[in-house]
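Only one structure is covered here, and it is reproduced in the block below.
Residue numbers begin at 1 in each chain, while the letters A, B, ... track the order of the sequences.
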Number of protein chains: 2
Amino acid sequence: MSKRTEKTIVDIAEELKLSVSTVSRALNNHPNISTRTKEKVKKMANKLGYRPNAMAAGLRNNKSRTVGLVVPRISMFFPATISTVIQNKLHEHGYHVLICQSNDSLEQEIALAETLYSTRIDALAVSSTLYTTDFSHFDIFKDNHIPLVFFDRVPKDYKVKVIKGDDYLGGYKVTEHLIEKGCKDIVHISGPLTCNLYVERVAGYKDALRKHKIAFKKSRVFYQELTKENALAACEKIFSKTPYPDGIFAANDTTAITILEYCRKINVRVPEDLKIVGYSNDPRAEIITPSITSVDQFPAIMGEKVANALLDLLQQPATTPQRYSEELVPIQLIERASSAASVSKPKTTVKKKAK
Amino acid sequence: MSKRTEKTIVDIAEELKLSVSTVSRALNNHPNISTRTKEKVKKMANKLGYRPNAMAAGLRNNKSRTVGLVVPRISMFFPATISTVIQNKLHEHGYHVLICQSNDSLEQEIALAETLYSTRIDALAVSSTLYTTDFSHFDIFKDNHIPLVFFDRVPKDYKVKVIKGDDYLGGYKVTEHLIEKGCKDIVHISGPLTCNLYVERVAGYKDALRKHKIAFKKSRVFYQELTKENALAACEKIFSKTPYPDGIFAANDTTAITILEYCRKINVRVPEDLKIVGYSNDPRAEIITPSITSVDQFPAIMGEKVANALLDLLQQPATTPQRYSEELVPIQLIERASSAASVSKPKTTVKKKAK
DNA sequence: CCGAAAATTGCAAACGTTTGCATAAAATAT
DNA sequence: ATATTTTATGCAAACGTTTGCAATTTTCGG
C-alpha cells in the first residue's frame with residue numbers, strides 16, 4: 001500500500017533498537033559483532049524481506065562488483081563460448097558481468113567504453129572490433145588503474161594484459177597441412193589486416209609457403225570481413241578464371257562452409273579437386289559433408305584464462321602497476337574430410353565457368 | 001599522482017564558482033539553465049575528464065538504467081540470438097543489460113533472482129530453467145512493481161507478461177507434415193514436461209495423430225533433457241528392436257542431428273526409411289546432409305518483442321498495475337531433405353541390430 | 001571487588017548525485 | 001522610477017550503505 005516498500009538496514013536497526021552500523025556489520029559478518037546479535041539481525045532481515053542495495057554499497061565502497069565484457073557479437077560461436085565461461089566463472093566469485101556487443105563498430109565500441117566507465121565497473125575484458133587500431137578509448141581504464149584484459153582480438157602496441165590464440169602457428173600449420181596433402185596453389189581468405197590476428201595468420205601462411213618453396217602470390221589472398229556474402233563474392237572471383245586453386249585456407253568457418261557449398265554447386269569436388277580448411281572449429285564444421293578441417297582455438301580455455309586474469313587483477317591492490325603480459329592459448333588442427341589426401345587422382349581443373 | 005583522481009561535479013562547480021546543483025542541471029540539459037552556463041559547464045567537464053558516476057545517480061533516483069536478462073545459456077543458438085537482439089535494442093535506449101545464465105539449474109536461477117534484485121535492475125526478462133515450475137522466486141519483482149517479462153520458456157499459472165512461440169501449433173504442424181509425407185509410426189523426443197512448452201508440443205503431436213486416426217503410443221514418446229548424450233541413449237532404445245519408426249519428431253535440432261548421424265552409422269536411410277524433423281532451425285540443420293526439416297521460431301522477432309515489452313513497461317509509471325498478457329510469436333515449418341517424400345519405396349525395416 | 005584489557009556497539013561523516021524550494025538576477029509592465 | 005513576472009542559480013536534504021573512531025559493556029586476573 002505505502003509507496004516506500006523497500007526495507008533498508010535502518011528499518012532493521014529501528015526494529016531491533018540497534019544502530020545501523022551494527023546492523024551493517026552484522027550482515028557482513030564483521031568479526032566484532034557477537035554471534036547473538038548477528039543471528040537476531042539476520043532473522044529480522046529475513047522477516048522484513050530486506051535486500052541489500054548494491055548501488056548504495058557500491059557508491060560507498062567505490063566498487064560495483066561488476067565487470068564489463070565487450071565482444072563483437074555474442075551470437076557467434078567463438079565469443080559466445082568464451083563469454084559463457086567468463087560469465088559463469090566470475091559469477092562464482094560474486095561478480096556480475098555486463099556483456100556488451102560492439103557489433104564490430106568502432107563507434108559503438110568507443111561509446112561502450114564511455115558508458116561502462118560510468119557504471120564504474122571493477123574490471124573490463126574486451127575482444128575488439130575488426131577495425132580498432134587506435135585503442136585510446138580504453139585509456140580511462142588504464143589511467144584509473146582499472147584491470148583491463150584483452151583477448152582474442154588484441155591490440156598490438158598497447159600495454160595491457162593480453163590473452164590470445166597462437167594465430168601465427170595456426171596460419172602456419174593450416175598451410176603446411178594443405179601442402180602436405182598435396183596442394184600447390186593455396187588461396188587464403190583472410191580478415192582485414194586492421195585486426196592483428198589476421199596479420200599473424202597471414203604471416204604463418206607466408207612462412208609455410210616459403211618453407212616449402214611455393215611462391216607467394218598477392219592475387220591469391222583476400223582481405224575482407226568474413227561474412228557469408230563476402231565469401232560468395234570471393235568465390236565468384238576465384239572461380240571466374242582458371243586455373244582454380246587446389247587449396248583454400250579460410251580464416252573462419254562461415255567462409256569455409258560457404259565455399260564448400262559453392263563448390264558443390266559448380267561441381268568442384270572437395271577434397272579431390274580442392275581442399276578446404278577453416279578456422280575456429282565451429283560446430284557446423286564437424287557436421288557438414290564433407291566435414292571441414294578446422295583449427296580449434298579452445299574457447300573454454302581462453303575464457304578460463306581471461307576470467308582468472310580478471311580475478312587476479314581484481315584482488316591486487318589498486319596501486320599495483322598494471323603489467324603488460326601476453327598469454328598464449330594453444331591451437332590444434334582438427335583434420336577432417338575436406339582436406340583429406342585424395343585417393344583418386346584429381347581430375348584436371350574444370351573449365352566450366354561458375355554462374 | 002594523487003590517489004583520488006576521479007573528478008566529480010563538485011570539482012566542476014568549484015572550478016567554475018557555481019553550485020553543484022546548477023552543474024548537475026546543466027549536464028542534464030535542464031530547461032532553466034541558460035545556454036551560456038550549460039556550455040561552460042560541459043566544456044569544463046570535458047576538460048577535467050569528468051565521467052558521471054552511475055551508482056550515485058542510481059542511488060539518488062532509485063533506478064539503475066540496467067535491465068536483467070536470465071537465460072538457460074547464452075551459447076545455445078536460440079537464446080543467444082534473442083539475447084543479442086534484446087541487448088542491442090535496449091542499448092539504443094540507454095539501458096544496460098545484465099545477461100545471466102541459469103545453466104538450467106533451478107538453484108542458480110533462484111540465486112540470480114536474488115542478486116539481480118540487489119542490483120536494483122529496472123526490469124527483468126527471463127526464459128526459465130527446464131525445471132522451474134514454481135516461480136515464486138520472482139515474486140519480489142512483481143511485489144515491487146518491477147517490470148517482469150517471460151519469454152520462450154514461460155510459466156503456466158503466474159500472472160506476468162509472457163511472450164512465447166506457438167508451440168502447440170509447432171507440434172501439430174510437424175506431426176501432420178510427417179504424416180502427410182507418409183509416416184505411420186512417429187516417435188517424439190520431447191523435453192521434460194516440467195517445461196510447459198514441451199507439454200504444448202506434445203499436445204500438438206497427439207492432436208495431429210488423432211486427427212489422422214493414428215493411435216498414440218506412450219512408448220513412442222521420450223521425455224528427457226535434449227542433449228546429445230540423451231539423444232544417443234534414446235537412439236539405442238529406439239533401434240534396439242523392430243519395427244523401427246518411420247518418422248521422428250525431435251524437439252530440438254541437436255537431438256535431430258544426433259539421430260541423423262546415428263542413422264548413418266546403422267544404415268538407416270533418411271528420408272527413405274526414416275524421416276526426421278527437428279525444432280528451432282539451428283544453423284546446423286540447414287547445412288547437414290541431408291538437411292533437416294525444422295521449425296523456425298523467429299528468435300529475432302521474439303527478441304524484438306521482448307525488448308519492446310520491456311521498454312513499454314519501463315516508461316509506464318510504477319503505479320500502473322502489471323497486466324498479464326500473452327503474446328504469440330508465429331512459427332514456420334521449414335521443409336528440407338530429411339523429411340522429403342521418398343521417391344524410391346522405403347525398403348522394409350532393416351533387421352540389423354544397432355550396436 | 002577493582003582496574004585493565006577485550007569485546008561489543010554507536011556516532012557521524014562520507015560516497016556523488018538529484019531535486020524541491022527558496023532566493024537572486026534579469027526582463028517586462030506600469 | 002517601482003512593482004511584477006520570468007528566468008537563472010543556490011541551499012540543503014536525501015538516497016542506503018560502510019567505516020574510523022569513540023564510547024560502552026563485558027570479561028577476567030589479581
B:Ser21 side-chain proximity, nearest of D:dA12, C:dT9, C:dG16: D:dA12

When you measure from the side-chain N and O atoms of B:Ser24 to the phosphate of C:dT18, is any distance below 4.0 Å, counting only OP1 and OP2? yes

Just checking B:Asn32: base, sugar-phosphate only, or nothing, at a heavy-atom cut-off of under 4.0 Å? base

What's B:Asn61 touching, base or sugar-phosphate or nothing? Going by heavy atoms closer than 4.0 Å. sugar-phosphate

Which is true for B:Lys17 with a 4.0 Å heavy-atom rule: it touches a base, it touches only sugar-phosphate, or it touches nothing? sugar-phosphate

Is there a side-chain polar atom (N or O) of B:Thr8 under 4.0 Å from OP1 or OP2 of C:dG16? no

By nearest atom, which of the nucleotides D:dT9, C:dG16, D:dT17 is closest to the B:Thr37 side chain? D:dT9

B:Arg25 side-chain proximity, nearest of C:dT9, C:dG20, C:dT17: C:dG20

With nearest nucleotides of DNA chain D determined for B:Val23 and B:Arg120 from heavy-atom distances, which residue corresponds to the more 5′ nucleotide? B:Val23

May I ask you to test the A:Leu98-B:Leu98 pair for a side-chain heavy-atom distance under 4.5 Å? yes

Straight-line distance of A:Tyr117 OH to A:Thr119 OG1, nearest 0.5 Å: 10.5 Å

Non-hydrogen atoms of B:Pro147 and B:Asp122 that approach each other most closely: CD-O, 3.3 Å

Cationic tip of A:Lys142 within the cone over A:Phe135's six-membered ring, i.e. under 6.0 Å and within 45° of the normal? no

Could you tell me how far apart B:Glu14 (CD) and D:dG10 (P) are, to the nearest whole angstrom? 13 Å

Using OP1 and OP2 only, check whether a side-chain N or O of B:Asn28 sits under 4.0 Å from C:dT18. yes

So A:Ser34, base contact, sugar-phosphate only, or nothing? Heavy-atom distance under 4.0 Å. sugar-phosphate

Nearest 0.5 Å, please: how far is CG in B:Asn144 from CG in B:Asp139? 10.5 Å

Taking the minimum atom-to-atom distance to the side chain of A:Leu18, which one of C:dG10, C:dT18, D:dG10 wins? C:dG10

Any side-chain N or O of B:Thr22 below 4.0 angstrom from OP1/OP2 of D:dG10? yes

Counting only side-chain heavy atoms from C-beta out, which of D:dG16, C:dA12, C:dT17 sits nearest to A:Val20? C:dA12

Among the candidates D:dT17, C:dT18, C:dC11, find the nucleotide nearest to the side-chain atoms of A:Val10. D:dT17

